A.B. asks: 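Okay, here's the structure, questions in a sec.
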Amino acid sequence: MKPITILRGLFPALFLLGCSMSASAADYPERPIRMIAPFAPGGGSDVVARLVAEKMGPLLGQNVVVENRPGASSIIGTDLVAKASPDGYTILMTNSAITSNPSLYQTLPYDTRKDLIPVTYLADAPTLLAAHPSVPFNTVPELVAYAKQHPNEVTVGTPGAGQMSHLVAEMVSQASDTKLTMVHYKGTANSINDLVGGTIMMSFGTVPGFINFIESKKLKPVAVASRERISVLPNVPTIAETYPGFEMSVWFGVFVPAGTPDAIVDKLNTAMLQALKDPTIQARFPEEGLRPGNLSHEQFNALFRSDLDKWQTFIRERNIHLNK
């Protein structure tokens, strides 16, 4: 066959392929969507995922089913999505731990920068320091004084090494020049159970994960790592009141596998932004200590890449390494 004949046969095939891809994106979604939450139920990520998924479904005309895939500091669930078919039917709802993991672990089964596309910034929540009611401190200055008098005796529970709660504890340790003993658990539920039971003294987490225990007096809030005090806990001081400029919020966002068509990314982004305007979410998020997202797709992408660089620098300076 002559070359010109091959090309003539190739152009119709490419045209049909392009039409097929366009039609697929236009008809999306035609079946339920899996929203992978790479953390155990009960934490802030789970709360955000379920609230947003519930409101997204009717907007897209298909159910959005939240599936918890915890493990390895969110790496297991993230890997599942990174290697999923880029068709919009398997999406990731994670938190900002996705930007610290590449610097904490020697190797990851995926390339965070290349294998995932940021879609929508859903919300953020300031990190909250909560303690067992029996601990002998109620404020950050009292905590620091106690930690200096009792080196390595202040135990800090985290839902996993490398989680945001671990890193903010390291930040407080650095800012206060104190030594805190990190106790790493497998999941938020396990760390909170031991915190409520008094096995550990305190823990950093998000307001959604702690608020019910605070309201029932099973935990006491010590400080919040936001720029200003938050409405849901107006009497709780900020860490910045002791260490000016200290701020640490956890953000929650949705990602899809690289290669997902732009039309599908846009459709998902539009549905999520519309879901965030729902009166139920507008009311529930503040009650949970969450602030609805207000970043554009481009701004979220810039934040994602900026945080990758920020945590790389911080983790290198603190010489934090995880043997995994």
Side-chain angles (χ1 to χ4, degrees), residues 25 28-29 32-39 43-53 55-57 60 62 64-105 108-125 162-164 249-276 290 292-312:
Y28 172 84
I33 298 168
R34 299 166 69 202
M35 178 182 282
I36 304 299
F39 300 99
S45 296
D46 192 55
V47 170
V48 174
R50 295 184 185 280
L51 284 172
V52 172
K55 300 304 177 182
M56 278 179 65
L60 292 169
Q62 292 288 345
V64 179
V65 182
V66 177
E67 186 177 319
N68 295 95
R69 287 296 187 95
S73 189
S74 78
I75 293 171
I76 291 175
T78 302
D79 184 45
L80 186 156
V81 177
K83 294 176 179 173
S85 177
D87 54 14
Y89 290 101
T90 303
I91 65 178
L92 176 70
M93 208 307 296
T94 189
N95 67 25
S96 39
I98 193 174
T99 59
S100 60
N101 281 339
S103 299
L104 287 166
Y105 294 88
L108 290 176
Y110 51 86
D111 186 321
T112 307
R113 292 179 184 270
K114 296 180 180 179
D115 294 343
L116 293 158
I117 299 173
V119 178
T120 308
Y121 183 97
L122 297 178
D124 62 57
Q163 292 286 336
M164 288 292 110
S249 292
V250 175
W251 53 254
F252 305 89
V254 171
F255 294 75
V256 294
T260 302
D262 290 344
I264 290 178
V265 172
D266 290 342
K267 189 170 286 190
L268 283 169
N269 183 52
T270 298
M272 286 181 235
L273 291 177
Q274 192 171 343
L276 291 177
L290 295 161
N294 59 359
L295 300 184
S296 67
H297 173 76
E298 292 75 18
Q299 289 172 324
F300 180 33
N301 184 53
L303 173 66
F304 168 61
R305 300 188 185 284
S306 172
D307 276 5
L308 283 166
D309 296 334
K310 176 186 75 174
W311 288 121
Q312 182 181 55

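Note: hydrogens, waters and symmetry copies are ignored here, and every other heavy atom, side chains too, is used. From a predicted model like this one, the values you see are computed outputs, not experimental measurements.
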A.B. asks: OG1 of T120 to CG of L276: how many Å apart, nearest 0.5 Å?
C.D. replies: 7.5 Å

A.B. asks: Quick one: CZ on R50 to CE on M35, what's the gap to the nearest 0.5 Å?
C.D. replies: 10.5 Å

A.B. asks: How close do P257 and S85 get, heavy atom to heavy atom, and via which atoms?
C.D. replies: CG-O, 4.1 Å

A.B. asks: With no hydrogens and no angle check, is any side-chain donor or acceptor of N68 less than 3.5 Å from a backbone partner on F39?
C.D. replies: yes

A.B. asks: Using side-chain heavy atoms (C-beta onward) and a distance below 4.5 Å, is I98 in contact with L116?
C.D. replies: yes

A.B. asks: N101 and T112: side-chain donor and acceptor closer than 3.5 Å?
C.D. replies: no

A.B. asks: Can you check whether S100 reaches M164 side chain to side chain, under 4.5 Å on heavy atoms?
C.D. replies: yes

A.B. asks: Check whether any side-chain heavy atom of M272 sits under 4.5 Å from a side-chain heavy atom of M93, and report yes or no.
C.D. replies: no

A.B. asks: Drop me the distance from Q62's CD to M56's CE, to the nearest 0.5 angstrom.
C.D. replies: 11.5 Å

A.B. asks: Distance from L108 atom CG to S73 atom OG, nearest 0.5 Å?
C.D. replies: 9.5 Å

A.B. asks: Testing the basics here: between F300 and G253, what is the closest heavy-atom pair and its distance to 0.1 Å?
C.D. replies: CZ-CA, 3.9 Å

A.B. asks: Sequence neighbours left out, what passes salt bridge (charged side-chain N to carboxylate O under 4.0 Å, His left out) with D79? Give chain and number order.
C.D. replies: K83

A.B. asks: How about V52 and F252: do any of their side-chain heavy atoms sit closer than 4.5 Å?
C.D. replies: no

A.B. asks: Can we say D309 and R305 salt-bridge, meaning some charged N sits less than 4.0 Å from an Asp/Glu carboxylate O?
C.D. replies: no

A.B. asks: Are any of the side-chain heavy atoms of L268 and L60 separated by less than 4.5 Å?
C.D. replies: yes

A.B. asks: Given side chain to side chain contact (heavy atoms under 4.5 Å, CB included), test R34 with V65 step by step and report yes or no.
C.D. replies: CA-CA 5 Å; R34 299 166 69 202; V65 182; 5.6 Å; no

A.B. asks: Taking T78 for its side chain and S74 for its backbone only, find out whether a donor-acceptor pair lies under 3.5 Å.
C.D. replies: yes

A.B. asks: Do L303 and L295 come within less than 4.5 Å of each other through their side chains, counting heavy atoms only?
C.D. replies: yes

A.B. asks: Any non-hydrogen side-chain atom of Y28 less than 4.5 Å from a side-chain atom of P261?
C.D. replies: no

A.B. asks: Closest approach of P292 and L290, non-hydrogen atoms and distance?
C.D. replies: CD-O, 3.9 Å

A.B. asks: Compare all side-chain heavy atoms of L122 with those of W251 and state whether any distance is below 4.5 angstrom.
C.D. replies: no

A.B. asks: Looking only at heavy atoms, what is the nearest atom pair of P86 and A258, with distance?
C.D. replies: CB-O, 3.6 Å

A.B. asks: Just jot down the salt bridge (charged side-chain N to carboxylate O under 4.0 Å, His left out) partners of D307, sequence neighbours excluded, or say none.
C.D. replies: K310

A.B. asks: Please report the interatomic distance OG1(T99) to CG(L308), rounded to the nearest 0.5 Å.
C.D. replies: 5.5 Å

A.B. asks: Can you tell me how far the CD1 atom of I91 sits from the CD1 atom of I117, to the nearest 0.5 Å?
C.D. replies: 13.0 Å

A.B. asks: Can the ring centroids of F304 and Y121 be said to lie less than 6.0 angstrom from one another?
C.D. replies: no

A.B. asks: Nearest heavy-atom pair of G77 and I36: which atoms, and what distance?
C.D. replies: O-CG2, 3.8 Å

